[in-house]
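The block underneath contains the structure these notes are about, expressed in structure tokens.
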Number of protein chains: 2
Amino acid sequence: MKAKNSLNPALVVESALRIVDEQGLEALTVRKVADEFGVTPMALYWHFSNKEALLDAVGDLVVSTVREPDPKLPLEDYLREAMGALVEAMRSHPGATPLLLTRMLTNQVGRDITEATLDKLMSAGCDAQKAASIAHYALMISMSLVSGQPGADVTVKPAEREEAVAAKLAILQSLPDDRYPRLRAAAPSFVDCADAAGYYGDAIDIFVNGVMVDLRALARS
Amino acid sequence: MKAKNSLNPALVVESALRIVDEQGLEALTVRKVADEFGVTPMALYWHFSNKEALLDAVGDLVVSTVREPDPKLPLEDYLREAMGALVEAMRSHPGATPLLLTRMLTNQVGRDITEATLDKLMSAGCDAQKAASIAHYALMISMSLVSGQPGADVTVKPAEREEAVAAKLAILQSLPDDRYPRLRAAAPSFVDCADAAGYYGDAIDIFVNGVMVDLRALARS
DNA sequence: ACCTGAACACCGTTCAAGT
DNA sequence: ACCTGAACACCGTTCAAGT
């Protein structure tokens, strides 16, 4: 009935990523992917040892779209570029963001970017531990910016976002103005991200500036 | 057979948090909590409308342990104290960390800390949007530091951590030394956190210093 | 008011069997 | 080599029923 070799692993991964994009990471199910190919859930287990392996492959697919910054850039610029490139790739697939954590140390592209980042930091005087910390901070911050972008909650399905945003705003606006005046004023910004470019740019600036302050202090001692 | 009123909601939440601490967030199951009280899963639905409500309550329990910094502290110190207090509370319950995101805007304690933080920032010249961004960054960074602390992966059950760490390290150490010298040197730090206090302190320093640079630039314009 | 019992629509995964 | 079918041990949740 069913043709053999109908299941191209690369297509399966693409399909899984599409589901993550459209319905969120939690909605990704082995059975759903199988349905997309008109196949039994167990068919996937021939190509992927388990669901985790499939998720890793989805993560690899996203990491492979990360633009690699020029390794010849000076540290400060390289850091900015690397974080920007990560954010850009993840914003195209916000639901897949958590999958990138492990990939930066196991995937080809991820490892190359990590190695270059470490090299810049250690050339600037960091020891291995400090360099690892800073590289790790940069990744975690990039990830959490995307995962936590106001109005783009990863745990909420794309379809239900507008209502969720409106509901949150209504709750905050109903707070007593004498006790929470600042929170009420800032409520729209907490609930939805009016200026996404600014949201990411400011955070990267703050982090990179902080790192540079840290490194200058290191150089003085 | 079973005594009535045997289910104290506060005790249920504590029990749920204990399960999260011992087995991780993903292992928390309505059925498991019910078993702890020798009760049918459905018994919990009388006290919590669904699992999400139970999780929110667990989040509230953790937020309630966050030490509230002195609101009279100057901005820079307040930021440090607030992030430190958040990190401290979350480190006691790493598995529950993701639950804090929503709680900082809905819970009493969370709202008070958020309001104080916003007030400091806006008094220092930020508009509402910038203040919201920075407060949000501070929370996201604190959360991601704990969630992503090397060697304390939240997605790995506490019991299986040692092996997981050793396995990761072995993989990184097997990389070609000519291509990934920095990564190999930094591998132990990526895989396990030798100096937790330094890991958190450095990140908070970097962020707070970055914020101060940003605010000084703002004041000049 | 508070809890049980049975059932439903899901999961990921095993294992043996088909082609 | 590649996929199916049936089954297992789980999920969260509904709904009616008990006390």
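Below, chains carry the letters A, B, ... as their sequence lines are ordered, and counting in each starts from 1.
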- [ ] Specify the residue among A:Arg31 and A:Trp46 whose closest nucleotide of DNA chain D lies further upstream toward the 5′ end.
- [x] A:Trp46
Task: Distance in angstrom units between A:Leu25 CG and C:dC11 C1', rounded - done: 15 Å
Task: Length of the line joining B:Phe48:CZ and C:dC2:P, which is rounded to integer Å - done: 13 Å
Task: Interatomic distance where CG belongs to B:Leu54 and P belongs to D:dT13 [whole Å] - done: 10 Å
Open item on the list: Tell me the interatomic distance from A:Asn50, atom CG, to C:dT14, atom C1', rounded to whole angstroms.
Closed with: 13 Å
Open item on the list: Regarding B:Arg80 and B:Asp205, does a basic nitrogen lie under 4.0 Å from an acidic carboxylate oxygen?
Closed with: yes
- [ ] When you get a sec, tell me which of C:dG12, C:dT4, D:dG12 is the closest nucleotide to the side chain of A:Tyr45?
- [x] C:dG12
Open item on the list: Suppose we define a pair by two distances each less than 3.5 Å, Watson-Crick or G-U wobble; what does D:dC15 pair with here?
Closed with: C:dG5
Open item on the list: From CE of A:Met42 over to C1' of D:dC2, roughly how many Å is that when rounded to an integer?
Closed with: 12 Å
Task: Length of the line joining A:Phe37:CZ and D:dT4:C1', which is rounded to integer Å - done: 18 Å
TODO: When you get a sec, tell me which of D:dC3, C:dT13, D:dT13 is the closest nucleotide to the side chain of A:Val39?
DONE: D:dC3
Task: SB check A:Arg179 B:Glu115 (cutoff 4.0 Å) - done: no
TODO: Please report, rounded to the nearest Å, how far the P atom of C:dG12 is from the CD atom of A:Glu26.
DONE: 12 Å
Open item on the list: Measuring from the side chain of A:Thr40 (C-beta onward, heavy atoms only), which nucleotide among C:dT13, C:dC11, D:dT4 has the closest atom?
Closed with: D:dT4
- [ ] Indicate yes or no: at least one non-hydrogen side-chain atom of B:Tyr180 is less than 4.5 angstrom from one of A:Leu118.
- [x] no
- [ ] Answer with yes or no whether the side chains of B:Tyr200 and B:Gln149 bring together a donor and an acceptor at under 3.5 Å.
- [x] yes
Task: Atom pair CD1/NE2 of B:Ile134 and B:His136 - distance to nearest 0.5 Å - done: 13.0 Å
TODO: Rounded to the nearest angstrom, tell me the gap between atom CG in B:Asp35 and atom C1' in D:dA9.
DONE: 14 Å
Task: Side-chain N or O of A:His47 closer than 4.0 Å to phosphate OP1/OP2 of D:dA1 - done: no
Task: A:Thr29 side chain near C:dC11 phosphate (N/O to OP1/OP2, under 4.0 Å) - done: yes
